[in-house]
Amino acid sequence: MKRIFTFLMLLTTVTPFFLKAQEVVKGKLDFLKGTTEMKVVFTYNKLIVGQDGREASYIKRRKAEKEAKEPGSGAAWEESWFADREKHYEPSFNKLFTKYADINLSKDSTPKYVMVVNTRFIEIGYNAGITSHKAAINLDVEIFDQANMKKSICKVMMEDMRGGKGQFATGPRIGDAYAKAGKELGKMISKKTDD
C-alpha cells in the first residue's frame with residue numbers, strides 16, 4: 001500500500017512537467033494555410049466546474065447559496081451564468097484568435113472549415129479583495145471540413161488556460177481565460193501555417 005501511495009505522489013508531482021499547455025493530438029494544422037475565415041461553434045458538453053464536478057451540480061449549489069442570501073436571486077444568477085458564454089467567453093476567444101491567426105471566426109458563415117471549441121473544464125477562480133486566484137479552462141478544439149462534420153481533420157487539446165486574476169465578476173474573469181486560449185491557439189496556427 002505504501003508503494004502505491006508513493007507512486008501516486010510521484011505521479012502527481014512529475015506529470016505536470018510532461019503535459020503541454022496545448023498539443024495537436026490528431027492530424028496537423030498546416031492545411032489551414034491561406035484560410036481567412038472559419039465558422040466557429042462553441043459547445044459545453046460534459047462540462048466540469050471546479051470541485052463540484054458536473055456543471056449541473058455547480059449550478060444547483062450556487063443557486064441554493066444565492067437563494068439563501070436573497071430569495072429569488074438564484075434564477076437570475078443561473079441566467080447570468082449561461083449568458084456569460086456569449087457575453088464574455090466566446091467573444092474573448094474569437095478576438096484574440098483572429099488577432100494572432102489572422103483567420104476571422106463567424107457563427108453564421110459557411111466557409112470550408114468549421115472549428116468546434118468544446119469546454120471540458122472551468123475553474124472559476126475568485127477575487128476576495130486581499131486575495132485572488134485566476135480562472136482556468138480546458139478545451140478540446142476540433143476542425144472539420146464543412147462537407148463532413150462526422151470526422152475531424154485535426155484536434156488540439158488545450159489545458160490550464162489561465163486568466164482574469166483581478167476581476168471581481170466571474171464572467172470577465174473566465175472570459176480572460178478564453179482570451180488566453182484564443183491567443184495561444186492563434187499563435188500555434190500562425191506558426192504552423194507560416195512554415
Side-chain angles (χ1 to χ4, degrees), residues 15-49 55 82-125 134-167 170-195:
T15 302
F17 295 107
F18 295 106
L19 292 175
K20 292 184 178 177
Q22 59 273 343
E23 184 175 3
V24 178
V25 294
K26 175 186 175 184
K28 296 182 178 181
L29 293 167
D30 54 1
F31 71 94
L32 290 172
K33 188 167 188 167
T35 300
T36 58
E37 184 179 15
M38 275 196 291
K39 181 174 182 175
V40 64
V41 176
F42 288 90
T43 59
Y44 301 84
N45 300 328
K46 299 181 181 177
L47 175 60
I48 302 294
V49 181
E55 181 183 31
F82 287 112
D84 282 342
R85 294 175 178 183
E86 286 193 21
K87 187 175 181 182
H88 297 290
Y89 309 170
E90 297 164 15
S92 297
F93 180 93
N94 292 350
K95 181 178 179 182
L96 271 289
F97 176 86
T98 297
K99 178 179 178 180
Y100 286 90
D102 203 25
I103 297 173
N104 290 316
L105 296 177
S106 169
K107 280 185 169 185
D108 304 316
S109 64
T110 55
K112 181 171 176 58
Y113 299 116
V114 179
M115 181 165 65
V116 178
V117 180
N118 184 58
T119 305
R120 289 181 281 113
F121 174 79
I122 294 176
E123 171 55 56
I124 63 168
K134 290 182 177 182
I137 57 172
N138 295 346
L139 307 174
D140 289 334
V141 180
E142 293 187 271
I143 301 175
F144 298 81
D145 187 309
Q146 185 125 265
N148 182 9
M149 291 297 293
K150 291 184 178 179
K151 186 176 179 184
S152 62
I153 300 168
C154 74
K155 180 177 180 178
V156 179
M157 291 181 71
M158 306 191 77
E159 305 291 330
D160 201 31
M161 297 287 108
R162 294 182 174 266
K165 187 175 179 180
Q167 292 91 335
T170 305
R173 189 166 60 238
I174 297 171
D176 273 3
Y178 278 88
K180 168 79 171 173
K183 175 182 177 180
E184 294 303 319
L185 183 61
K187 284 167 65 175
M188 178 191 275
I189 288 175
S190 179
K191 183 178 178 185
K192 298 289 184 184
T193 55
D194 283 347
D195 293 343

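These values consider heavy atoms only, across backbone and side chains, with no hydrogens, waters or symmetry-generated copies.
The heavy-atom pair separating Q146 from K39 by the smallest distance is OE1-CD, 3.9 Å. Nearest heavy-atom pair, A135 versus I124, reported as atom, atom and distance to 0.1 Å: CB-O, 3.6 Å. Summarising the geometry of G175 relative to S92, their closest heavy-atom pair is O-CB, 3.2 Å, with the distance given to 0.1 Å. Of all the heavy atoms in G163 and D176, the pair that sits closest is C-CB, 3.7 Å.
From I103, atom CD1 reaches atom CZ of F97 across 4.5 Å, with rounding to the nearest 0.5 Å. The CD1 atom of I174 sits 9.5 Å away from atom NE2 of H88, with the distance rounded to the nearest 0.5 Å. Atom CD1 of I153 sits about 14.0 Å away from atom NZ of K28, to the nearest 0.5 Å. Here the straight-line distance linking atom CZ of F144 with atom NZ of K112 works out to 14.0 Å at 0.5 Å rounding. Going from atom CD1 of I48 over to atom CG of N138 covers 10.5 Å, rounded to the nearest 0.5 Å. Taking CG from L105 and CG from L96, the interatomic distance works out to 11.0 Å, rounded to the nearest 0.5 Å.
Side-chain contact between N148 and K151 is present, with heavy atoms from C-beta onward closer than 4.5 Å. Side-chain contact between M188 and M158 is absent, with no heavy atoms from C-beta onward closer than 4.5 Å. Using a 4.5 Å heavy-atom threshold, the side chains of E159 and E23 count as separate. Put simply, the side chain of M161 does not reach to within 4.5 Å of the side chain of F93, judged on heavy atoms. With a 4.5 Å cut-off on side-chain heavy atoms, F42 and L139 do not count as touching.
For CG of D145, the number of neighbouring non-hydrogen atoms (other residues, nucleotides, ligands) closer than 6.0 Å is greater than 12.
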Stepwise side chain to side chain contact (heavy atoms under 4.5 Å, CB included) check, I122 with Y178: CA-CA 10 Å; I122 294 176; Y178 278 88; 4.2 Å; yes
Output, in order, the C-alpha distance, side-chain angles, deciding distance and verdict of side chain to side chain contact (heavy atoms under 4.5 Å, CB included) for K107 and E86. CA-CA 11 Å; K107 280 185 169 185; E86 286 193 21; 3.6 Å; yes
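For R85, the salt bridge (charged side-chain N to carboxylate O under 4.0 Å, His left out) partners two or more places apart in sequence, or in a different chain, are E55. E142 is linked by a salt bridge (charged side-chain N to carboxylate O under 4.0 Å, His left out) to nothing, counting only residues two or more places apart in sequence or in another chain. Remark: E37 engages no residue in a salt bridge (charged side-chain N to carboxylate O under 4.0 Å, His left out) (not counting sequence neighbours).
Side-chain atoms of K26 come within 3.5 Å of backbone atoms of S152 as a donor-acceptor pair (strictly under, hydrogens ignored). A side-chain donor-acceptor contact under 3.5 Å links N118 to the backbone of N45.
Below 30°, between 30° and 60°, or above 60°: for Y89 and Y44 the angle between ring planes is between 30° and 60°, a tilted geometry.
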